[in-house]
Amino acid sequence: MSDARRHALVIGAGLAGAAACSALARRGWRITLLDAAGGPASGASGLPVGMLSPHVTRSPTPLSRLSALGVADTLAELRRLVPEGSGWQACEVDNLAHDPGRWPAALVRPSALVQAWLNEATGLDALTCLWNAHVHRLSLDMSRDPSCPAVWQAWDAEGHPLANAPVVIVAAALGSLSLLAGDSGQLSGGDLPLRPVQGQMSLAALEGPVLAERPQRNDGVFVPRYQDSGLPPLWPDTIWTMGSTYERGLTHTDVSLEAHERNALSLHAIQPAAADRLRSTLARGRLLGWAQVRCASLDRLPLVGAAPDTAALRDLMASGRGQRVRVQLADVPRWPGLHLLSAMGSRGLTLAHWCAEQLAMQLAGEATWGEQSLQEALDPARFALKNARRQGVAQERATAG
């Protein structure tokens, strides 16, 4: 790919967007990072502490297979870029119900990893950051000169241009839906089925004895102690935490008493004494909370790769070839240069970098790590293709009738 084409807009400065910046910068790309906030990790990636651990199932599933790859990959990134004790620490977690047993894990402050990836891209002189830059829509300028790449332009809500490049990676979590499936977007909501999942964590400064030897998980994760010099000034440097809740469909970020109580109920099943501490800390006005909205897809798997051109797909399905031959994912027309890196759900720590590497390798024409079945499971066109097939079957039945 020519140097002129090796320039990407990355929209979203959370785990996914920052991982994409690092992956592309190490391959010699120039990146313009745009985020609506004043700095990185302002959304769900701003979690005070998260758990990096495997997703174990009795038989392999796409998510468990991705998790195994992603945990190892993220742990390698932490060891490469973030000093242990200043953004993460290795541990074990006791799973008390689902996946019972004791598993190797790590406690991670996600913003430390986000900043490390951005620092790496900046150190390679590859990254330009545009903060307070809310991308309202994208437009594609197709040059008449075939030697020149098509260029994507990012616009704000007032119609002012923000930045342009031949490649766009939309890593804006739930914001990807309004950007790409709005009135002037490139996809429909049905072809981009992203769903909000609100979560609240309850936490406080550790002022008494540690109430468990290690983190414990059942319905939520209890972290009895996490110390990190990077937590202040937003949080105490040594905390205990419980959470988070999992509320489908909610889009607010308000910390609520009801969610604190749900965390207390879940914690009681894990460690009753810790649940008593949560409630007493709340009564004394010392309990802190963090709430944000995560983004999940309809099948709970990420979206990684080139965005489908659904209008062209419908034309293909309506053509003779589309009727005679079952169209596969590889046949789906794509928007030139438009890519998604979204819907990490509650596993952004585990999946963001592995998925970003897959996308960067696709863009660079490199052989990807993952199995073909995993690549297809993450393909952003999977929903559009299913919808097109259903519509085609319905039309055939109507015609036959």
Side-chain angles (χ1 to χ4, degrees), residues 44 46-56 71 75 78 82 84-113 198-247 255-292 294 346-350:
L47 184 72
V49 59
M51 174 69 71
L52 177 68
S53 62
H55 177 79
V56 182
V71 166
L75 188 58
L78 287 166
V82 183
E84 188 168 6
S86 299
W88 74 284
Q89 63 186 50
C91 68
E92 294 179 315
V93 59
D94 287 336
N95 283 1
L96 305 181
H98 183 64
D99 310 338
R102 185 169 297 167
W103 302 97
L107 296 173
V108 184
R109 175 168 51 87
S111 60
L113 191 51
Q198 193 251 31
Q200 178 172 314
M201 173 179 281
S202 304
L203 68 147
L206 181 61
E207 298 174 336
V210 178
L211 296 181
E213 292 185 18
R214 64 190 61 84
Q216 298 177 313
R217 175 165 49 201
N218 190 351
D219 184 13
V221 177
F222 170 48
V223 176
R225 183 181 185 274
Y226 179 68
Q227 185 173 24
D228 187 336
S229 60
L231 286 169
L234 291 177
W235 313 104
D237 63 2
T238 306
I239 58 176
W240 61 264
T241 73
M242 176 60 199
S244 65
T245 58
Y246 196 90
E247 302 293 338
V255 174
S256 70
L257 294 176
E258 293 80 7
H260 277 320
E261 178 57 26
R262 284 194 291 275
N263 279 332
L265 289 171
S266 296
L267 183 53
H268 185 82
I270 297 173
Q271 178 59 261
D276 293 341
R277 174 180 285 181
L278 189 157
R279 291 190 174 105
S280 66
T281 305
L282 177 61
R284 290 184 288 114
R286 303 291 296 275
L287 189 66
L288 306 174
W290 176 93
Q292 262 296 339
R294 296 159 291 194
S346 58
R347 292 194 170 268
L349 268 175
T350 301

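For the atom pair Asn263 CG and Phe222 CZ, the distance stands at 12.0 Å (nearest 0.5 Å). Rounding to the nearest 0.5 Å gives a distance of 8.5 Å between CD of Gln198 and OG of Ser244. Interatomic distance, OG1 of Thr238 versus CD of Glu207, reported as 11.0 Å (0.5 Å rounding). Atom-to-atom distance recorded for Leu349:CG and Leu75:CG is 11.5 Å, nearest 0.5 angstrom. Atom CG in Leu47 sits 9.0 Å away from atom OG in Ser111 (nearest 0.5 Å). Rounded to the nearest 0.5 Å, atoms CG (Leu267) and NE2 (His260) are 13.0 Å apart.
Side chain of Trp88 to main chain of Val82: a donor-acceptor pair is present (N/O by atom type, distance under 3.5 Å, no hydrogens or angles). Gln89 places no side-chain N or O within 3.5 Å of a backbone atom of Glu84 that could act as its donor or acceptor partner. In this structure a side-chain-to-backbone donor-acceptor pair under 3.5 Å is present from Gln200 to Ser256. Checked by atom type and distance alone, the side chain of Ser266 pairs as donor or acceptor with a backbone atom of Arg262 at under 3.5 Å.
A salt bridge links Asp94 with Arg214: at least one charged nitrogen is closer than 4.0 Å to a carboxylate oxygen.
Shortest non-hydrogen contact noted between Ala112 and Ser86 is CB-O, 4.3 Å. Residue Asn218 comes nearest to Ala269 through the heavy atom pair ND2-CB, 4.3 Å, listed as atom of the first residue, atom of the second, then distance. Closest of all the heavy-atom pairs between Trp290 and Gly46 is NE1-O, 3.5 Å. When all heavy atoms of Arg109 and Gly230 are compared, the pair lying nearest together is NH2-CA, 3.4 Å. Nearest heavy atoms, Ala259 versus Thr245: O-CG2, 3.8 Å. The minimum heavy-atom distance linking Met201 with Val49 is given by the pair CE-O, 3.4 Å.
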Tell me, with the steps shown, if Arg294 and Gln292 meet side-chain hydrogen bond (donor to acceptor under 3.5 Å, both in side chains). CA-CA 7 Å; Arg294 296 159 291 194; Gln292 262 296 339; over 6 Å; no
For Val221 and Val223: C-alpha separation, side-chain torsions, deciding distance, then whether side-chain contact (heavy atoms from CB on, under 4.5 Å) applies. CA-CA 6 Å; Val221 177; Val223 176; 4.0 Å; yes
Apply the test side-chain contact (heavy atoms from CB on, under 4.5 Å) to residues Leu96 and Arg217: give CA-CA distance (whole Å), side-chain angles for both, the deciding distance (0.1 Å), then the verdict. CA-CA 6 Å; Leu96 305 181; Arg217 175 165 49 201; over 6 Å; no
Could you walk me through whether Leu257 and Leu282 satisfy the side-chain contact (heavy atoms from CB on, under 4.5 Å) test, starting with their C-alpha distance in whole Å, then the side-chain angles of each, then the deciding distance to 0.1 Å, before giving a yes or no? CA-CA 9 Å; Leu257 294 176; Leu282 177 61; 3.8 Å; yes
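Judged purely by distance below 3.5 Å, without hydrogens or angles, the side chains of Arg279 and Ser202 never pair a donor atom with an acceptor atom. Ser280 and Arg286 share no donor-acceptor pair across their side chains, judged by distance under 3.5 Å alone.
At a threshold of 4.5 Å between non-hydrogen side-chain atoms, the residues Val108 and Leu78 count as touching. In this structure, Val71 and Pro104 have side chains that are not in contact, with every pair of non-hydrogen atoms separated by 4.5 Å or more. Residues Met242 and Ile270 form a side-chain contact, since some pair of their non-hydrogen atoms from C-beta on lies under 4.5 Å apart. The closest side-chain heavy-atom distance from Trp235 to Pro48 is below 4.5 Å. Inter-residue side-chain proximity for Ser229 and Asp237 is flagged as unmet; no heavy-atom pair is nearer than 4.5 Å. The shortest distance between side-chain heavy atoms of Arg277 and Leu206 falls below 4.5 Å. The side-chain heavy atoms of Val93 and Gln216, taken from C-beta on, include no pair separated by under 4.5 Å. Residues Leu203 and Tyr226 have side chains not in contact (no heavy-atom distance under 4.5 Å, counting atoms from C-beta outward).
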